[in-house]
Amino acid sequence: MPAPLSCPVPPPPRAIARLLLAATMMLIAIGLLSPDPPTTRPAATAASGDAALYRAIDRRVAAGQHYYAATAAEHRTRDFPLRPFVAVRLPTRAWFYRLVGAEGALWVLRALALLAALATACRLRAAVGPRLLWGAASAIAAASSLPLATAVVALWPECWAGLLVALSLASRDRHHWRVAALLGLAAALFRELALPYLVAMAFAAALERRRGEALGWAAVATAAVAALAAHASAVAAILRPGDAVSQGWIRAGGWSFDLAMARATTPLALAPTAIVAVLVPLALYGWASAPGGYARRVTLTLVTLLLPTLLIGRPENSYWGLMLAPVWLAGLPLAFTAMVRAIAPAATATRQLAVAC
């Protein structure tokens with residue numbers, strides 16, 4: 001892991017910094033002017049629906065029933081869709097629960113959340129110069145990660161995948177990427193929504209002309225695709241003519257849906273809509289403006305999921321935000337120094353940052 005920096009590295013060109021700030025102001029305006037998305041019950045408090053389905057499948061698998069047979073039976077009993085195959089979750093979480101038990105899995109998740117929070121804080125030290133801002137960013141990362149390790153949220157594969165992605169991002173540096181790639185693969189095996197993350201990391205390595213690393217990320221992405229294909233084949237084998245079909249996910253919820261994901265899965269859950277509309281773009285701006293490969297990869301990860309969800313996702317799918325929740329809001333303190341660089345004259349910005357360091 002790279003040595004922390006005491007002060008920020010040289011900022012990006014002021015023209016780019018101002019362009020990022022203008023884009024952020026535009027997102028804030030869109031969020032403030034957009035109608036509120038339909039209200040849905042957050043994943044963390046759901047006592048029925050998906051939570052009840054996952055628990056029922058876990059009980060059947062723990063009793064020795066094959067995962068796909070158990071899943072088909074519970075989906076049919078509850079009139080849940082079995083088509084297309086992505087309506088059925090990958091078996092990784094259920095198999096893990098059978099291996100270590102629900103209580104054991106919860107302790108593993110707690111350890112994973114703690115590791116993700118600590119590793120994120122260590123990597124933030126290089127991206128945030130002022131110690132006060134680093135402390136704030138680290139606290140936000142902890143407040144975003146640790147509450148996910150609860151018995152109910154643990155039922156959602158997106159929770160496991162999101163924490164694994166956060167730990168993968170934090171464990172990768174210029175000299176060590178293999179463990180990060182394996183953690184990313186584990187995330188994709190819990191939830192296929194993490195597959196674009198693997199592609200994004202391969203793309204970032206290719207841009208930096210790190211051929212070996214790019215090939216490594218491409219290899220784990222290929223392995224994840226193969227696992228997903230095997231899952232599709234297993235689901236196809238249990239289908240019957242009358243099985244329910246999903247209503248689809250193309251809803252074009254736009255930026256409002258992305259804000260709904262943030263509100264449903266981060267400490268912003270109780271914040272007014274206007275506050276969410278302001279803070280979420282600022283967090284993205286902070287990550288996009290911060291120096292270093294870690295911040296660039298976090299930004300790319302956020303964009304990789306947030307762009308598709310402008311078109312894809314029903315209101316009840318706001319729990320997808322769990323994929324990004326551990327790192328999403330930690331960019332907020334980073335926005336302070338970025339705004340100073342973009343707005344203040346160069347000499348003033350240098351003096352203010354020097355005082356903060």
Would you compute the distance between atom [atom1] of [X] and atom [atom2] of [Y] and round it to the nearest 0.5 angstrom?
X	Y	atom1	atom2	result
Leu169	Thr120	CG	OG1	8.0 Å
Leu284	Thr299	CG	OG1	8.0 Å
Ile57	Gln65	CD1	CD	10.0 Å
Leu279	Trp328	CG	CH2	12.0 Å
Leu306	Phe257	CG	CZ	10.0 Å
Leu21	Ile16	CG	CD1	13.5 Å

Any side-chain heavy-atom pair from [X] and [Y] closer than 4.5 angstrom?
X	Y	answer
Ile140	Pro333	yes
Val108	Trp160	yes
Ile312	Trp320	yes
Leu90	Pro157	no
Tyr285	Met339	yes
Phe85	Val88	no
Tyr197	Leu300	no
Arg55	Glu74	no

Whether [X] side chain and [Y] backbone form a donor-acceptor pair below 3.5 Å:
X	Y	answer
Ser145	Ala142	no
Ser168	Leu183	no
Ser318	Met261	no
Arg131	Val128	no
Trp134	Ala121	yes
Arg314	Gly248	yes
Arg123	Arg172	yes

task = Mark yes when over 12 heavy atoms from residues, nucleotides or ligands other than Met26 sit less than 6.0 Å from its CE; otherwise mark no.
result = no
query = Near Leu270 CG, under 6.0 Å, is it more than 12 heavy atoms from other residues, nucleotides or ligands?
reply = no
message = Would Thr265 and Leu324 count as a side chain to side chain contact (heavy atoms under 4.5 Å, CB included) here? Give the steps.
response = CA-CA 9 Å; Thr265 59; Leu324 303 175; over 6 Å; no
request  = List the steps, then state whether side chain to side chain contact (heavy atoms under 4.5 Å, CB included) holds for Val298 with Leu302.
outcome  = CA-CA 6 Å; Val298 172; Leu302 292 168; 4.1 Å; yes
Provide the closest heavy-atom pair for [X] versus [Y] in the form atom of the first, atom of the second, distance.
X	Y	value
Ala116	Ala166	CB-CB, 4.3 Å
Ala70	Val61	CB-CG2, 4.3 Å
Ala119	Leu167	CB-CD1, 3.8 Å
Ser144	Leu329	OG-CB, 4.4 Å
Ala149	Leu109	CA-CD2, 3.8 Å
Ala338	Ser289	CB-CB, 3.3 Å

ask   = Are Thr273 and Arg263 linked by a side-chain donor-acceptor pair shorter than 3.5 Å?
value = yes
task = Test the Arg110-Trp107 pair against the cation-pi criterion, namely NZ or CZ under 6.0 angstrom from the six-membered ring centroid and within 45° of the ring axis.
result = yes
task = Please say whether the positively charged group of Arg93, taken as NZ for Lys or CZ for Arg, lies over the ring of Tyr54, i.e. under 6.0 angstrom from the six-membered ring centre and within 45 degrees of the axis.
result = yes
inquiry  = Quick check: Tyr294 with Trp287 (ring centres under 6.0 Å apart)?
reply    = yes
message = Can you confirm whether or not the ring centre of Phe203 sits under 6.0 Å from the ring centre of Trp217?
response = no
Is [Y] reachable from [X] through a run of hydrophobic residues whose side-chain heavy atoms are each under 4.5 Å from the next?
X	Y	answer
Leu27	Ile275	yes
Met201	Val199	no
Phe80	Val235	yes
Leu189	Leu228	yes
Val153	Val100	yes

key: Stepwise side chain to side chain contact (heavy atoms under 4.5 Å, CB included) check, Leu82 with Arg76   = CA-CA 8 Å; Leu82 283 165; Arg76 291 177 183 129; 3.9 Å; yes
key: Candidate pair Glu192 and His231, rule side chain to side chain contact (heavy atoms under 4.5 Å, CB included), full reasoning   = CA-CA 10 Å; Glu192 69 279 359; His231 173 67; 5.9 Å; no
